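Below you'll find the structure, written out as C-alpha coordinates, and then a few comments.
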Amino acid sequence: QQQVRQSPQSLTVWEGETAILNCSYENSAFDYFPWYQQFPGEGPALLIAIRSVSDKKEDGRFTIFFNKREKKLSLHITDSQPGDSATYFCAASGTGNTGKLIFGLGTTLQVQP
Amino acid sequence: ETAVFQTPNYHVTQVGNEVSFNCKQTLGHDTMYWYKQDSKKLLKIMFSYNNKQLIVNETVPRRFSPQSSDKAHLNLRIKSVEPEDSAVYLCASSRLASQNTLYFGAGTRLSVL
(Lines give C-alpha, C1' and ligand atoms only; values in the text may rest on other atoms or scores of the structure.)
Protein backbone atom coordinates (compact mmCIF):
# COMPACT_ATOMS: atom_id res chain seq x y z
CA GLN A 1 0.00 0.00 0.00
CA GLN A 2 1.66 3.18 -1.22
CA GLN A 3 1.58 5.92 1.39
CA VAL A 4 2.93 8.42 -1.13
CA ARG A 5 1.50 8.43 -4.63
CA GLN A 6 2.81 10.22 -7.68
CA SER A 7 1.31 11.01 -11.06
CA PRO A 8 1.83 10.83 -13.88
CA GLN A 9 4.23 7.93 -14.07
CA SER A 10 5.91 9.58 -17.04
CA LEU A 11 5.66 13.01 -18.61
CA THR A 12 7.01 14.55 -21.79
CA VAL A 13 7.14 18.29 -22.34
CA TRP A 14 8.81 20.58 -24.86
CA GLU A 15 11.73 22.76 -23.93
CA GLY A 16 10.45 25.99 -22.38
CA GLU A 17 7.15 24.53 -21.17
CA THR A 18 6.10 24.07 -17.57
CA ALA A 19 6.13 20.51 -16.26
CA ILE A 20 3.72 19.71 -13.42
CA LEU A 21 4.38 16.66 -11.27
CA ASN A 22 1.77 15.59 -8.74
CA CYS A 23 2.05 13.91 -5.37
CA SER A 24 -0.47 12.88 -2.70
CA TYR A 25 -0.12 11.23 0.68
CA GLU A 26 -2.26 9.46 3.25
CA ASN A 27 -0.65 9.95 6.64
CA SER A 28 -1.73 13.19 8.33
CA ALA A 29 1.37 12.99 10.53
CA PHE A 30 3.65 13.70 7.57
CA ASP A 31 4.96 17.23 7.77
CA TYR A 32 8.13 17.28 5.68
CA PHE A 33 8.05 16.75 1.91
CA PRO A 34 11.30 16.71 -0.07
CA TRP A 35 11.55 16.14 -3.79
CA TYR A 36 14.54 14.22 -5.06
CA GLN A 37 15.89 14.18 -8.61
CA GLN A 38 17.59 11.09 -9.99
CA PHE A 39 19.55 10.75 -13.22
CA PRO A 40 20.29 7.29 -14.69
CA GLY A 41 23.22 5.62 -12.98
CA GLU A 42 23.23 8.07 -10.08
CA GLY A 43 21.70 8.23 -6.65
CA PRO A 44 18.82 10.62 -5.93
CA ALA A 45 19.73 14.18 -4.96
CA LEU A 46 17.60 16.65 -3.03
CA LEU A 47 16.02 19.21 -5.34
CA ILE A 48 13.67 21.18 -3.10
CA ALA A 49 11.65 20.55 0.08
CA ILE A 50 8.67 22.01 1.90
CA ARG A 51 7.28 21.74 5.42
CA SER A 52 3.58 21.56 6.08
CA VAL A 53 3.45 25.02 7.68
CA SER A 54 4.02 26.50 4.21
CA ASP A 55 1.85 26.32 1.12
CA LYS A 56 4.52 27.28 -1.38
CA LYS A 57 8.27 26.94 -1.74
CA GLU A 58 10.21 28.38 -4.62
CA ASP A 59 13.80 27.84 -5.75
CA GLY A 60 14.62 29.22 -9.16
CA ARG A 61 12.59 27.36 -11.79
CA PHE A 62 11.30 24.84 -9.25
CA THR A 63 8.20 25.50 -7.11
CA ILE A 64 6.30 23.27 -4.72
CA PHE A 65 2.61 23.99 -4.13
CA PHE A 66 1.21 22.32 -1.02
CA ASN A 67 -2.41 21.74 -0.03
CA LYS A 68 -2.54 20.33 3.48
CA ARG A 69 -6.33 19.94 3.56
CA GLU A 70 -6.33 17.77 0.47
CA LYS A 71 -2.99 16.09 1.29
CA LYS A 72 -1.65 17.00 -2.11
CA LEU A 73 1.38 18.74 -3.45
CA SER A 74 2.84 19.43 -6.84
CA LEU A 75 6.22 20.31 -8.27
CA HIS A 76 6.21 22.87 -11.07
CA ILE A 77 9.26 23.14 -13.30
CA THR A 78 9.04 26.29 -15.38
CA ASP A 79 11.04 26.88 -18.58
CA SER A 80 11.89 23.15 -18.69
CA GLN A 81 15.30 22.30 -20.10
CA PRO A 82 16.56 19.03 -21.65
CA GLY A 83 18.93 18.77 -18.67
CA ASP A 84 15.86 18.48 -16.41
CA SER A 85 15.12 15.07 -17.94
CA ALA A 86 15.25 12.74 -14.94
CA THR A 87 13.08 10.84 -12.50
CA TYR A 88 11.54 12.94 -9.73
CA PHE A 89 10.61 11.39 -6.41
CA CYS A 90 8.21 12.90 -3.92
CA ALA A 91 8.91 11.79 -0.35
CA ALA A 92 7.40 12.37 3.08
CA SER A 93 8.25 11.98 6.73
CA GLY A 94 6.82 12.92 10.10
CA THR A 95 8.40 14.68 13.06
CA GLY A 96 10.65 12.41 15.09
CA ASN A 97 10.35 9.73 12.46
CA THR A 98 14.02 8.81 12.77
CA GLY A 99 14.58 10.33 9.35
CA LYS A 100 12.63 7.59 7.65
CA LEU A 101 11.49 8.95 4.33
CA ILE A 102 8.61 7.31 2.48
CA PHE A 103 9.14 7.67 -1.25
CA GLY A 104 6.66 7.65 -4.11
CA LEU A 105 7.30 5.62 -7.23
CA GLY A 106 8.55 8.64 -9.13
CA THR A 107 7.67 10.54 -12.28
CA THR A 108 10.03 10.21 -15.22
CA LEU A 109 10.27 13.53 -17.04
CA GLN A 110 11.48 13.85 -20.59
CA VAL A 111 12.08 17.36 -21.94
CA GLN A 112 12.21 17.44 -25.73
CA PRO A 113 14.40 20.11 -27.36
CA GLU B 1 30.92 16.31 -5.94
CA THR B 2 30.59 12.74 -4.66
CA ALA B 3 30.76 12.45 -0.90
CA VAL B 4 29.09 9.07 -0.39
CA PHE B 5 31.15 6.31 -1.94
CA GLN B 6 29.83 2.84 -2.68
CA THR B 7 31.65 -0.25 -3.88
CA PRO B 8 31.25 -2.20 -6.00
CA ASN B 9 29.22 -0.41 -8.67
CA TYR B 10 27.87 -3.66 -10.02
CA HIS B 11 27.86 -7.25 -8.81
CA VAL B 12 26.61 -10.42 -10.47
CA THR B 13 26.28 -13.55 -8.40
CA GLN B 14 24.36 -16.79 -8.16
CA VAL B 15 21.56 -17.81 -5.85
CA GLY B 16 22.86 -18.90 -2.46
CA ASN B 17 26.10 -16.92 -2.52
CA GLU B 18 27.09 -14.31 0.06
CA VAL B 19 27.75 -10.73 -1.00
CA SER B 20 28.99 -7.67 0.79
CA PHE B 21 28.64 -4.01 -0.18
CA ASN B 22 30.67 -1.14 1.21
CA CYS B 23 29.73 2.46 1.87
CA LYS B 24 31.78 5.37 3.15
CA GLN B 25 30.76 8.99 3.63
CA THR B 26 33.16 11.91 3.95
CA LEU B 27 30.59 14.50 5.03
CA GLY B 28 31.07 14.04 8.76
CA HIS B 29 27.42 13.01 9.11
CA ASP B 30 26.13 11.07 12.10
CA THR B 31 23.45 9.04 10.35
CA MET B 32 23.75 6.53 7.52
CA TYR B 33 21.16 4.48 5.66
CA TRP B 34 20.67 1.61 3.28
CA TYR B 35 17.84 1.90 0.78
CA LYS B 36 16.75 -0.68 -1.77
CA GLN B 37 15.57 0.52 -5.19
CA ASP B 38 13.70 -2.17 -7.10
CA SER B 39 13.07 -2.57 -10.82
CA LYS B 40 10.05 -0.24 -10.57
CA LYS B 41 12.33 2.41 -9.02
CA LEU B 42 10.60 2.16 -5.64
CA LEU B 43 12.97 3.37 -2.91
CA LYS B 44 12.51 1.62 0.39
CA ILE B 45 14.53 2.08 3.56
CA MET B 46 16.14 -1.03 4.97
CA PHE B 47 18.31 0.19 7.85
CA SER B 48 19.64 3.36 9.40
CA TYR B 49 22.42 3.91 11.90
CA ASN B 50 23.07 6.94 14.06
CA ASN B 51 26.60 7.08 15.46
CA LYS B 52 27.03 3.35 14.93
CA GLN B 53 23.73 2.58 16.66
CA LEU B 54 20.94 0.89 14.72
CA ILE B 55 17.86 3.14 14.83
CA VAL B 56 15.72 1.86 11.98
CA ASN B 57 15.41 -1.77 11.03
CA GLU B 58 12.62 -2.31 8.56
CA THR B 59 11.10 -5.69 7.92
CA VAL B 60 13.77 -7.18 5.74
CA PRO B 61 14.76 -10.85 5.50
CA ARG B 62 17.23 -11.98 8.14
CA ARG B 63 19.82 -12.75 5.47
CA PHE B 64 20.45 -8.98 5.31
CA SER B 65 22.74 -7.58 7.98
CA PRO B 66 24.22 -4.09 8.22
CA GLN B 67 27.67 -3.58 9.70
CA SER B 68 28.99 -0.28 11.04
CA SER B 69 32.61 0.07 12.17
CA ASP B 70 32.38 3.81 12.71
CA LYS B 71 29.97 6.58 11.84
CA ALA B 72 31.56 7.10 8.41
CA HIS B 73 31.15 3.49 7.27
CA LEU B 74 28.08 1.34 6.84
CA ASN B 75 28.37 -1.96 5.00
CA LEU B 76 25.66 -4.39 3.98
CA ARG B 77 26.04 -8.13 3.94
CA ILE B 78 23.59 -10.51 2.29
CA LYS B 79 23.94 -14.17 3.20
CA SER B 80 22.58 -16.61 0.66
CA VAL B 81 21.15 -14.23 -1.93
CA GLU B 82 17.78 -14.87 -3.56
CA PRO B 83 16.56 -13.81 -7.05
CA GLU B 84 14.31 -11.16 -5.50
CA ASP B 85 17.39 -9.47 -4.04
CA SER B 86 18.26 -8.20 -7.52
CA ALA B 87 18.03 -4.44 -7.17
CA VAL B 88 20.07 -1.29 -6.71
CA TYR B 89 21.25 -0.79 -3.14
CA LEU B 90 21.70 2.84 -2.25
CA CYS B 91 23.67 4.09 0.70
CA ALA B 92 22.91 7.54 2.09
CA SER B 93 23.92 9.78 4.94
CA SER B 94 22.44 12.78 6.73
CA ARG B 95 23.65 15.19 9.36
CA LEU B 96 20.93 14.25 11.80
CA ALA B 97 18.45 11.41 12.00
CA SER B 98 15.28 13.39 11.53
CA GLN B 99 14.07 15.27 8.48
CA ASN B 100 17.46 16.09 7.15
CA THR B 101 18.72 16.07 3.61
CA LEU B 102 19.81 12.63 2.50
CA TYR B 103 22.98 12.43 0.44
CA PHE B 104 22.97 9.29 -1.67
CA GLY B 105 25.79 7.33 -3.21
CA ALA B 106 25.58 6.14 -6.82
CA GLY B 107 24.39 2.70 -5.72
CA THR B 108 25.43 -0.91 -6.12
CA ARG B 109 23.46 -2.84 -8.71
CA LEU B 110 23.07 -6.48 -7.71
CA SER B 111 22.04 -9.12 -10.23
CA VAL B 112 21.25 -12.58 -8.88
CA LEU B 113 21.22 -15.30 -11.53
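We name chains A, B, ... by the order of the sequence lines, and we start the count at 1 in each one. The structure presented is a predicted model; accordingly, all values stated were derived computationally and were not measured.
The residue among A/P44, A/A45, A/G106, A/A91 with the most heavy atom pairs within less than 4.5 Å of chain B is A/P44.
Here the CD1 atom belonging to A/I102 is positioned 11.0 Å from the CG atom belonging to B/L43, to the nearest 0.5 angstrom. The CG atom of A/L46 sits 11.5 Å away from the OG atom of B/S94 when rounded to the nearest 0.5 Å. The CD atom of A/Q38 lies 7.0 Å from the NZ atom of B/K41; values are rounded to the nearest 0.5 Å.
Counting non-hydrogen atoms of other residues, nucleotides and ligands closer than 6.0 Å to NZ of A/K71 gives a total above 12. The neighbour count for B/Q67 CD, taken as heavy atoms of other residues, nucleotides or ligands under 6.0 Å away, is above 12. The 12-atom threshold is not exceeded at CD of B/Q53, counting heavy atoms of other residues, nucleotides or ligands nearer than 6.0 Å.
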> Step by step, would you call B/Y35 with A/L101 a side chain to side chain contact (heavy atoms under 4.5 Å, CB included)?
Replying inline: CA-CA 10 Å; B/Y35 276 80; A/L101 278 177; 3.7 Å; yes

Can you give me every donor-acceptor pair (side chain of residues 102-109 of chain B, partner residue at least two apart or in another chain, under 3.5 Å) with its distance?
from: B/T108; atom 1: OG1; to: B/P8; atom 2: O; distance (Å): 2.5

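For residues 67-90 of chain A, every residue pair satisfying the ring-ring contact (aromatic ring centres under 6.0 Å, His included) rule, not counting sequence neighbours, is listed here: A/F65-A/H76.
For a residue to count as touching a neighbouring chain, one of its non-hydrogen atoms must lie under 4.5 Å from one of that chain's; by this rule B/Q37 touches chain A with the side chain only.
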